[in-house]
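Okay, structure first, notes after.
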Protein chains: 2
Amino acid sequence: MQDLAKELKTTPATVSRALNNSPEIGEGMKKKVKALADKYNFRPNAHASSLRKGKSKTIGVVVPYINRHFFSTIIHYIEKYVSQEGYNVMILQTEENFEKEKEDIALLIDQRVSGIIISLSKPTINCLHIKKAIDEGIKVIQIDNVLKSVNTSYIKTQDREGARITTLHLLEQGYKKIALFCGDMTSKLYQDRKQGYCDAHQERDIPVDERLFVANTNSRKEGCKAMRKLIDSGVEFDAVFSSGDYAALGAYLVCKEKGIAIPEKMGIAGFANEHFAELVTPAITSSDQHSKEIGQLAAKQILKEINNKDAELIKTSLLPELIVRGSSLKSEKLKIKN
Amino acid sequence: MQDLAKELKTTPATVSRALNNSPEIGEGMKKKVKALADKYNFRPNAHASSLRKGKSKTIGVVVPYINRHFFSTIIHYIEKYVSQEGYNVMILQTEENFEKEKEDIALLIDQRVSGIIISLSKPTINCLHIKKAIDEGIKVIQIDNVLKSVNTSYIKTQDREGARITTLHLLEQGYKKIALFCGDMTSKLYQDRKQGYCDAHQERDIPVDERLFVANTNSRKEGCKAMRKLIDSGVEFDAVFSSGDYAALGAYLVCKEKGIAIPEKMGIAGFANEHFAELVTPAITSSDQHSKEIGQLAAKQILKEINNKDAELIKTSLLPELIVRGSSLKSEKLKIKN
DNA sequence: AAAGTTTACGTAATCGTTTGCGTAAATCAC
DNA sequence: GTGATTTACGCAAACGATTACGTAAACTTT
């Protein structure tokens, strides 16, 4: 920048202002500066700029695991959007670990990022770390697993309602005893889904059988384990609603292995609409969480809050879309039989 | 830092050195500095440090799309590894666009990242942008789709050999006319896979029928289209080897739709071992590309090159693992019939 | 014990931009 | 034509850490 200034017999100040399109610089000078910058292929040092401004054009994205279809899709759309505005994204994973989450946030503060988009790890129950970021002037947007105790914009799924709708669907298909697989119950997200499951039962005046409830069941392996255990326990049930597709898949595979007919003898419904859900035979009923919309909304909103001192926060809950597939279509089959 | 220095009646220089564990600082002073830093929860400004050092503790990762299982898994392991060493990762997507790739690299240079791990976009055929990064002292590692015309470490799949093995497998199963689906043929990656396919034919003295070759077929939709077109063309064939699982899935679904028995009338094999390949019925034969190993190796190697001025480059080609599944098991079925 | 070496820390310049303040020249009001 | 603005730019001080160089004090060597 010094060099450009020298060659143009002006000062770095002017060069800087010209490159930043400051209105205090005349058109003629701007053209000259830009032309020379182009000629020498000059690009300003991002760190010097960030240091001086106390802010960098970076958005931090914090998720439990990036190699989950749901999150990688969200990040895809975030990156796609913010990169158009000259921002870049820094990615951190919490692996569902609260301590790591705190450290991740601290790192992003060290980087003076302009904004943070975060899906809280499941065990997180306090948000002092988030508040610290906000105090530093960083805009925060929560997605997916959010805590309302801290006042930020958020975009989440209507977990309770989504679970209610799925459960209702299973009940309407004629399933009587529905097992429920959830994850870490310290998380509001799973509490909500369980609540929705209970709501549906209450509406239909059906008692909830706690023996059919299994927590900490997220992965395919855990889903298998839970399913085997439940079957071996002797408690009767004729359907499984899993808070995640992977655990649903586990249950599904155990049925196939044991020759339990899906959907006739056992109904299965998942959540998240993972890729494989529609591909297996019969396909698995699941709820789409609109990852694309979440990513786009989060990106749009965070830039708005960064650029507009007092942009209004948004508190959005998207209704997941129940996609009914073969794994829970008992009544249709019955009709055909008659 | 100034404040800490003042309180300890010393200078920022000493504080900086103490925090960085410089051997020039006595143990007593180090303890005092660190204690006070802890007390005030002081964390150094990353940008000031990067500016002064001309380098930031950031690794840039450039891939076509992050929401592909293969890439998100690689990135997962990269982030996991480098974050332990105090590095963080910045992610850029090229969307298979050369211009965007150039801009991405320029952005990472602006950020003075310490290293770049990149999977070149398919259309990329020259590496001036990569060389520019190297000239800036940035360590570069290529993964997956690499160009050997630039001298960097790389970790890739043995595309030719992998394709050869898959093709040989299909031939051994008794398939006579194997269609080949590939992607953008300007990319060395697909050229290699096609070559492997040809190798296998040559070994078995079987002529290659160019009418059975379809390029630019990556997605599920394109796979469907290609399959329909091929069937309608009237050219006879009894198997499909697709360079990607999604296109293989397209072919697979068209068979199901048209009632073409898999694997009896049509053998199918993909590449990449996507999640769904093992889940559909029959499961799809595919080759695992060891994404976990690629991520770990890339991360380990880039840190080595960053920390060791003259660490040796690695040029690694991992042999993909052919996972034979039902979609290509014709002979087994025949045996059962006899 | 004098000279040399090491240890532990201070001094001050530097990384490359940005920006509050100052000011000459140009423009405007009347 | 004089004073008041406005325009367009220069000056210089930041931003916060790092590091080459300098130097007292402590320690070695012979």
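Letters A, B, ... are given to chains in the order of the sequence lines, protein chains preceding strands, and every chain is numbered from 1.
Listed pair B:Asn20 / D:dT18 meets the phosphate criterion, a side-chain N or O lying under 4.0 Å from OP1 or OP2. Dashed line: the shortest gap from a side-chain N or O of B:Ser49 to OP1 or OP2 of D:dT18 is under 4.0 Å.
Among the atoms of the strands shown, only primed sugar atoms or phosphate atoms (P, OP1, OP2) are found under 4.0 Å from some heavy atom of B:Gly26. Backbone-only contact: B:Lys9 has heavy atoms under 4.0 Å from sugar-phosphate atoms and none from a base. Nucleic acid contact class of A:Thr10 (heavy atoms, under 4.0 Å, all strands): sugar-phosphate only.
Between B:His76 and A:Tyr65, the ring planes lie tilted relative to each other; the angle falls in the 30° to 60° range. A:Phe98 and A:His129 have perpendicular rings, their planes meeting at more than 60° on a 0 to 90° scale where under 30° would count as parallel.
With DNA chain C read from its 5' end, the first of the two nearest nucleotides for B:Pro23 and B:Leu51 is the one closest to B:Pro23. Heavy-atom nearest nucleotides on DNA chain D were determined for B:Thr14 and for B:His47, and the one closer to the 5' end corresponds to B:His47. Toward the 5' end of DNA chain C, the nearer of the two residues B:Glu24 and B:Arg52, judged by each one's closest nucleotide, is B:Glu24.
The nearest whole Å value for the distance from the NZ atom in A:Lys55 to the P atom in D:dG16 is 16 Å. Look at CD on B:Glu27: it is 13 Å from C1' on C:dT7, rounded to the nearest Å. Atoms CG (B:Asn45) and P (D:dC15) sit 11 Å apart, rounded to a whole Å. In this structure, CD of A:Glu136 is placed 15 Å from P of D:dC15, rounded to the nearest angstrom. To the nearest angstrom, C1' of D:dG10 lies 14 Å from CE of A:Met1. Rounded to whole angstrom, the span from the NZ atom of B:Lys53 across to the P atom of D:dT18 amounts to 6 Å. D:dT18 atom C1' lies 12 Å from atom CD of B:Gln2, rounded to whole Å. Rounded to an integer number of Å, the gap from CG of A:Leu8 to C1' of D:dG10 is 14 Å.
In summary, B:Lys131 and B:Asp135 do not engage in a salt bridge, as defined by a charged side-chain N under 4.0 Å from a carboxylate O. Under 4.0 Å is where a charged nitrogen must lie from a carboxylate oxygen, and between A:Asp38 and A:Lys34 no such pair does. Remark: B:Lys100 does not engage B:Glu103 in a salt bridge, criterion side-chain N to carboxylate O under 4.0 Å.
Side-chain atoms of B:Arg112 stay outside donor-acceptor range of the base of C:dG16, with no qualifying N/O pair under 3.5 Å. Taking 3.5 Å as the limit, the base of C:dG20 and the side chain of A:Arg17 contain a donor-acceptor pair of atoms between them.
Proximity note for A:Phe42 (side chain, C-beta onward) versus C:dT17, C:dC9, D:dC11: the nearest is C:dT17.
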